[in-house]
Amino acid sequence: MTSPARSTSRERTTRWTAPVRYAETDQQGVVFNAHYLTYCDEALAAFCIERGLGAFAEDVMLKSSTLTWAAGVRHGDRVDVDASCERVGRTSLLMRFVISVEGAICCEVDTTYVYAPDGEPMEVPHAARAVLV
């Protein structure tokens with residue numbers, strides 16, 4: 001079960017937390033790479049919901065992600081994902097996710113999402129822009 005989102009000491013950061021499930025790991029007990037992006041998607045949703053932008057989270061599409069690992073996350077760990085919006089462009093936004101276990105950074109992820117409610121890029125609404133960064 002995941003914990004509800006909460007703001008961290010940095011006002012513009014939301015933390016999403018969950019236990020690592022056995023099914024998310026490989027035969028060595030380390031989280032399989034693709035699940036890091038799932039954690040980021042969950043953190044994005046929590047970030048948006050906390051700001052009253054739940055529908056906005058449903059209207060963005062992943063454009064690109066860069067993952068930089070420092071350590072593996074293992075079955076039985078409790079993963080924390082701190083999400084913050086670093087920049088909002090005309091039709092896109094850059095999110096930063098810091099994935100950690102017990103305060104130790106395991107992976108940092110920079111993801112560009114495109115606002116595309118109908119499948120085509122559209123300008124990020126001004127109301128959303130005002131609360132994202």
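The model shown is predicted, which means the values in this text are computed figures rather than measured ones. One-based numbering along the sequence shown.
No donor-acceptor distance shorter than 3.5 angstrom exists from the side chain of Arg21 to the backbone of Gly76, with no hydrogens or angles considered. Counting only distance, with no hydrogens or angles, the side chain of Ser92 and the backbone of Gly89 share no donor-acceptor pair below 3.5 Å. Here the side chain of Asp26 pairs a donor or acceptor atom with the backbone of Gln28 at under 3.5 angstrom. Under a 3.5 Å cut-off, the side chain of Arg12 and the backbone N or O of Val133 do form a donor-acceptor pair.
Across every non-hydrogen atom of Glu50 and Thr14, the tightest pair is OE1-OG1, 2.7 Å. The shortest non-hydrogen separation linking Val81 to Ala43 is CG1-CB, 3.5 Å. Taking all atoms of both residues into account, the shortest heavy-atom contact from Ala116 to Pro121 is CB-N, 4.0 Å. Of all non-hydrogen atoms in Gly103 and Ser100, the two that sit nearest each other are C-CB, 4.3 Å. Closest heavy-atom contact between Val88 and Arg129: CG1-NH1, 3.3 Å.
Residues Leu94 and Thr111 fail the side-chain proximity criterion, which asks for heavy atoms closer than 4.5 Å. Taking 4.5 Å as the limit, every side-chain heavy atom of Phe97 sits out of range of all side-chain heavy atoms of Asp82. Residues Val101 and Val20 fail the side-chain proximity criterion, which asks for heavy atoms closer than 4.5 Å. The shortest distance between side-chain heavy atoms of Met95 and Leu44 falls below 4.5 Å. At a threshold of 4.5 Å between non-hydrogen side-chain atoms, the residues Thr66 and Ser64 do not count as touching. Taking 4.5 Å as the limit, every side-chain heavy atom of Thr13 sits out of range of all side-chain heavy atoms of Phe47. Looking at Cys106 and Val79, their side chains never come closer than 4.5 Å, going by heavy atoms from C-beta outward.
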Begin with the C-alpha distance, continue with both residues' side-chain angles, and end with the deciding distance and a verdict on side chain to side chain contact (heavy atoms under 4.5 Å, CB included) for Val60 and Cys48. CA-CA 11 Å; Val60 296; Cys48 289; over 6 Å; no
Are Tyr39 and Val31 close enough, and set up right, to give a side chain to side chain contact (heavy atoms under 4.5 Å, CB included), and what steps lead you there? CA-CA 11 Å; Tyr39 299 156; Val31 171; 3.7 Å; yes
Going through the checks in order, is the side chain to side chain donor-acceptor pair (under 3.5 Å) test met by Glu86 and Ser84? CA-CA 6 Å; Glu86 300 297 307; Ser84 59; 2.7 Å; yes
Going through the distances and angles, do Val73 and Val30 end up as a side chain to side chain contact (heavy atoms under 4.5 Å, CB included)? CA-CA 6 Å; Val73 176; Val30 177; over 6 Å; no
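A side-chain N or O of Thr17 and one of Asp80 form a donor-acceptor pair less than 3.5 Å apart.
The side chain to side chain donor-acceptor pair (under 3.5 Å) test applied to Asp59 returns no partner, not counting sequence neighbours.
In the hydrophobic clustering, Val114 connects to no other residue, as no ILVMFWY side-chain heavy atoms lie under 4.5 Å from its own. Through direct or relayed side-chain contacts under 4.5 Å between Ile, Leu, Val, Met, Phe, Trp and Tyr, Ile105 connects to Val98.
Atoms OH and OG, on Tyr113 and Ser65 in that order, are 6.0 Å from each other to the nearest 0.5 Å. Between the OG1 atom in Thr112 and the CE atom in Met61 there is a gap of 13.5 Å [rounded to 0.5 Å]. How far CG of Leu62 is from CG of Leu37: 7.0 Å, rounded to the nearest 0.5 Å. Summarising the geometry, atom SG belonging to Cys85 is positioned 13.0 Å from atom CZ belonging to Arg96; distances are rounded to the nearest 0.5 Å.
You'll find the ring centres of Trp69 and Tyr36 inside the 6.0 Å limit.
The aromatic rings of Phe56 and Tyr115 lie parallel to each other, with less than 30° between the two planes, well short of the 60° mark.
Counting non-hydrogen atoms of other residues, nucleotides and ligands closer than 6.0 Å to CD of Glu102 gives a total of 12 or fewer.
Tracing side-chain contacts under 4.5 Å through hydrophobic residues (I, L, V, M, F, W, Y), one reaches Val131 starting from Val124; they form part of the same cluster.
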